[in-house]
Amino acid sequence: MPSPPFIASVVGSMPRSQFVRDLKEIGTEEEIGTKEFGKCMDAACSYIIALQESSGVDEITDGEWRRRSYIGVIADICDGFELTKEETSFGVQHWTTVVDKIKPRSPGLIAEEIAFIRKRTSRRVKATLPSPYLLGQRMWDEGKSAGAYPTRNAFMEDLVPVLRDELIAIRDAGADVAQIDDPHLCLFVDPNVRAGFEDPDKEADVSVELINGVIEGIEGIQTAIHLCRRNKAREGWVGEGGYDPIIPQLQRLNVDQYVMEFTIPVAGDFSCLRALPEDRLIGLGCVDCRGEHIDTAEEIVARVEQAIEHIAPDRISLNPDCGFAPGSAAEIPIDEAYAKLCNEAEAARILRDRYG
């Protein structure tokens, strides 16, 4: 499903006010009652949808506000996980570990998020799903998980049909784009990460095979892969390096769009885009989501025009490098995110006028 050129999009998460953080704390729903909780969360999500619309962006999410974390949603969909929390200097951090064979308890949960957005906007709607490889890296623990899944790969393979069913439900609920998030695949750009594996290319291939298994044969929705070097908000990033080391893997991914980051200084240049299949779209990371600086529309346009030196303009859409809230405790002011999205939308208008 093609998208028009230079649409302005978001990657997924939006900053959470303290009100939203309080709503998502474990026990809150029980304390205020399910009906009241649902009313409050619906109001919050309606607000973040309206904020994105007001900024002028063309493709929106619900900010992932209904989730404790962008990957923890799998534990809301399936039984088999242990959820713990820890007080840190950044606030409450939630940890999810697989401890039993996973079994869907609330299938179609992400589709419910999409149905809510779809009723409240005529804009393009994006759904976000964690990749099987990402979940395997974060949620399999040899000590706690081996009784159910002797290997990490066994757990990841069991996730494929679950996520595939979610993708079908997302499509049927009216999403225009389903974005699969896999920062751990992108970390294979970093020499230090690669050095930790006997065969890093073979390990990266595992991620590709799993994602292709999730999306194989599903039509009627644009599929995307989001690649970033992990997002630590104000603290920066984890991995460093251009995309060249994982180009063979990206070429074999059967997605319609690559959502990539280029704003941070360690992401390499745009020349790697030449190596990607010409029939694929590029979600160009051209807006900083980590630092305090608010990119002007002119700065954003300049980045996009650097990419146009390597690929056709009609393949490009605009987005921040990553989500604005990597973890529920991320301290990114919501007004800052709003200003950045406003400038992204203005940059998109300038580019449409300039390139048609």
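No hydrogens, no waters, no symmetry mates; every other heavy atom, side chains included, goes into these values. Model, not experiment: these values are computed from the prediction.
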Chi angles and distances behind the salt bridge (charged side-chain N to carboxylate O under 4.0 Å, His left out) call for Arg352, Asp58: CA-CA 13 Å; Arg352 290 185 197 117; Asp58 308 291; 2.7 Å; yes

From CA spacing to verdict: side-chain contact (heavy atoms from CB on, under 4.5 Å), Glu305, Phe270: CA-CA 10 Å; Glu305 291 189 322; Phe270 296 99; over 6 Å; no

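- Residue Ile110 holds its CD1 atom at 5.0 Å from CD of Glu166, rounded to the nearest 0.5 Å.
- Between Arg67 and Asp76, the closest side-chain pair of non-hydrogen atoms is not below 4.5 Å.
- With rounding to the nearest 0.5 Å, the separation of SG in Cys78 from CG in Asp100 is 11.5 Å.
- Side-chain contact, Thr151 with Asn153: no donor N or O sits under 3.5 Å from an acceptor N or O.
- Residue Asp205 holds its CG atom at 9.5 Å from CG of Leu185, rounded to the nearest 0.5 Å.
- The backbone N or O of Val57 sits nowhere less than 3.5 Å from a side-chain atom of Gln52 that would complete a donor-acceptor pair.
- A salt bridge is defined here as a Lys NZ or Arg NE, NH1 or NH2 lying under 4.0 Å from an Asp or Glu carboxylate O, and Glu336 with Lys340 meets this definition.
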Full working for side-chain contact (heavy atoms from CB on, under 4.5 Å) between Asn319 and His226: CA-CA 11 Å; Asn319 51 256; His226 170 53; over 6 Å; no

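- Separation of the Tyr243 and Tyr258 ring centroids does not fall under the 6.0 Å cut-off.
- Hydrophobic cluster membership is shared by Trp65 and Phe19, with clusters built from Ile, Leu, Val, Met, Phe, Trp and Tyr side chains linked at under 4.5 angstrom.
- Side-chain atoms of Ser54 do not come within 3.5 Å of backbone N or O of Ala50 as any donor-acceptor pair.
- Residues Tyr70 and Ser13 form no side-chain contact, since every pair of their non-hydrogen atoms from C-beta on lies 4.5 Å or further apart.
- Judged by distance alone, the side chain of Asn212 and the main-chain N or O of Arg252 form a donor-acceptor pair under 3.5 Å.
- Looking at Asp295, its side chain never comes within 3.5 Å of a backbone N or O of Ile300 through a donor-acceptor pair.
- Closest heavy-atom contact between Pro130 and Val73: CD-CG1, 4.3 Å.
- Under the 4.5 Å side-chain heavy-atom criterion for grouping Ile, Leu, Val, Met, Phe, Trp and Tyr, Leu134 is connected to Ile211 within one hydrophobic cluster.
- Remark: of the listed residues Ile74, Leu135, Leu167, Ile74 is the sole one forming a side chain to side chain contact (heavy atoms under 4.5 Å, CB included) with Val162.
- Note that the CD atom of Gln222 and the CD atom of Gln257 stand 5.0 Å from one another [nearest 0.5 Å].
- The residue from Val193, Val238, Asp190, Val266 that alone fulfils the side chain to side chain contact (heavy atoms under 4.5 Å, CB included) condition with Arg229 is Val266.
- Nearest heavy atoms, Cys322 versus Cys289: N-SG, 3.4 Å.
- The shortest side-chain heavy-atom distance between Pro104 and Asp165 does not fall under the 4.5 Å cut-off.
- Using modelled atom types, one finds a donor on one side chain and an acceptor on the other under 3.5 Å when comparing Tyr149 with Asp158.
- The shortest non-hydrogen separation linking Met260 to Cys272 is CE-SG, 4.5 Å.
- Smallest separation of non-hydrogen atoms from Glu64 and Thr128: OE2-OG1, 2.7 Å.
- When the side chains of ILVMFWY residues are joined at heavy-atom separations under 4.5 Å, either directly or via intervening members, Val98 and Leu210 end up in a single hydrophobic cluster.
- Asp321 and Thr263 share a side-chain donor-acceptor pair at under 3.5 Å.
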Ile117 vs Ile114, side-chain contact (heavy atoms from CB on, under 4.5 Å): CA-CA, chis, key distance, verdict: CA-CA 5 Å; Ile117 308 170; Ile114 298 307; 4.2 Å; yes

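- Using a 4.5 Å heavy-atom threshold, the side chains of Ile180 and Leu163 count as separate.
- More than 12 heavy atoms of other residues, nucleotides or ligands lie within 6.0 Å of CD in Gln18, so this atom counts as buried by the packing criterion.
- Under the 3.5 Å distance criterion, the side-chain polar atoms of Arg164 are matched with a main-chain donor or acceptor of Glu216.
- Shown here is Lys103, whose NZ atom has no more than 12 heavy atoms of other residues, nucleotides or ligands within 6.0 Å.
- When atom types are taken as modelled, the side chain of Gln179 and the backbone of Lys126 share no donor-acceptor pair closer than 3.5 angstrom.
- In this view, Arg274 satisfies the salt bridge (charged side-chain N to carboxylate O under 4.0 Å, His left out) rule with no residue, not counting sequence neighbours.
- Formation of a donor-acceptor pair under 3.5 Å by the Ser69 side chain with backbone atoms of Gly72 is found in this model.
- Contact annotation: the side chain of Val214 approaches that of Pro132 to within less than 4.5 Å [non-hydrogen atoms, C-beta and beyond].
- Side-chain contact check for Arg152 versus Gln137: some heavy-atom pair is nearer than 4.5 Å.
- Using a 4.5 Å cut-off between side-chain heavy atoms of Ile, Leu, Val, Met, Phe, Trp and Tyr, with links allowed through other members, Leu284 and Leu341 fall into the same hydrophobic cluster.
- Between atom NZ of residue Lys101 and atom CZ of residue Phe155 there is a gap of 10.5 Å, rounded to the nearest 0.5 Å.
- The pair Asp201-Arg194 counts as a salt bridge, with a side-chain nitrogen and a carboxylate oxygen less than 4.0 angstrom apart.
- Using a distance-only test at 3.5 Å, with no hydrogens or angles considered, a donor-acceptor pair links the side chain of Arg118 to the main chain of Gly174.
- Residues Phe262 and Gly268 approach most closely at CD2-O, 4.1 Å, considering heavy atoms.
- Inter-residue side-chain proximity for Gln306 and Cys286 is flagged as unmet; no heavy-atom pair is nearer than 4.5 Å.
- Under 3.5 Å, the side chains of Thr121 and Glu53 contain a donor-acceptor pair of N or O atoms.
- Between Glu59 and Val10 there is no side-chain heavy-atom pair separated by less than 4.5 Å.
- At least one donor-acceptor pair closer than 3.5 Å links the side chain of Thr61 to the backbone N or O of Gly12.
- Smallest separation of non-hydrogen atoms from Thr97 and Lys144: CG2-CB, 4.0 Å.
- Remark: Ile77 CD1 to Leu159 CG distance equals 10.0 Å, nearest 0.5 Å.
- Residues Asp22 and Arg16 are not paired through a salt bridge, judged by the lack of any N-O separation under 4.0 Å between the basic side chain and the carboxylate.
- Ring pair Phe197/Phe188 is tilted by interplanar angle, where 30° to 60° counts as tilted.
- For the pair Arg354 and Phe6, the cation-pi test (distance below 6.0 Å, angle within 45°) is failed.
- Using a 3.5 Å distance cut-off with no hydrogens or angles, the side chains of Asp182 and Ser207 do pair a donor with an acceptor.
- The hydrophobic cluster containing Ile60 also contains Ile170, counting ILVMFWY residues as joined when their side-chain heavy atoms lie under 4.5 angstrom apart, directly or transitively.
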Leu318 vs Val287, side-chain contact (heavy atoms from CB on, under 4.5 Å): CA-CA, chis, key distance, verdict: CA-CA 8 Å; Leu318 284 59; Val287 179; 6.0 Å; no

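- In this structure, a donor-acceptor pair under 3.5 Å is present between the side chains of Thr223 and Asp256.
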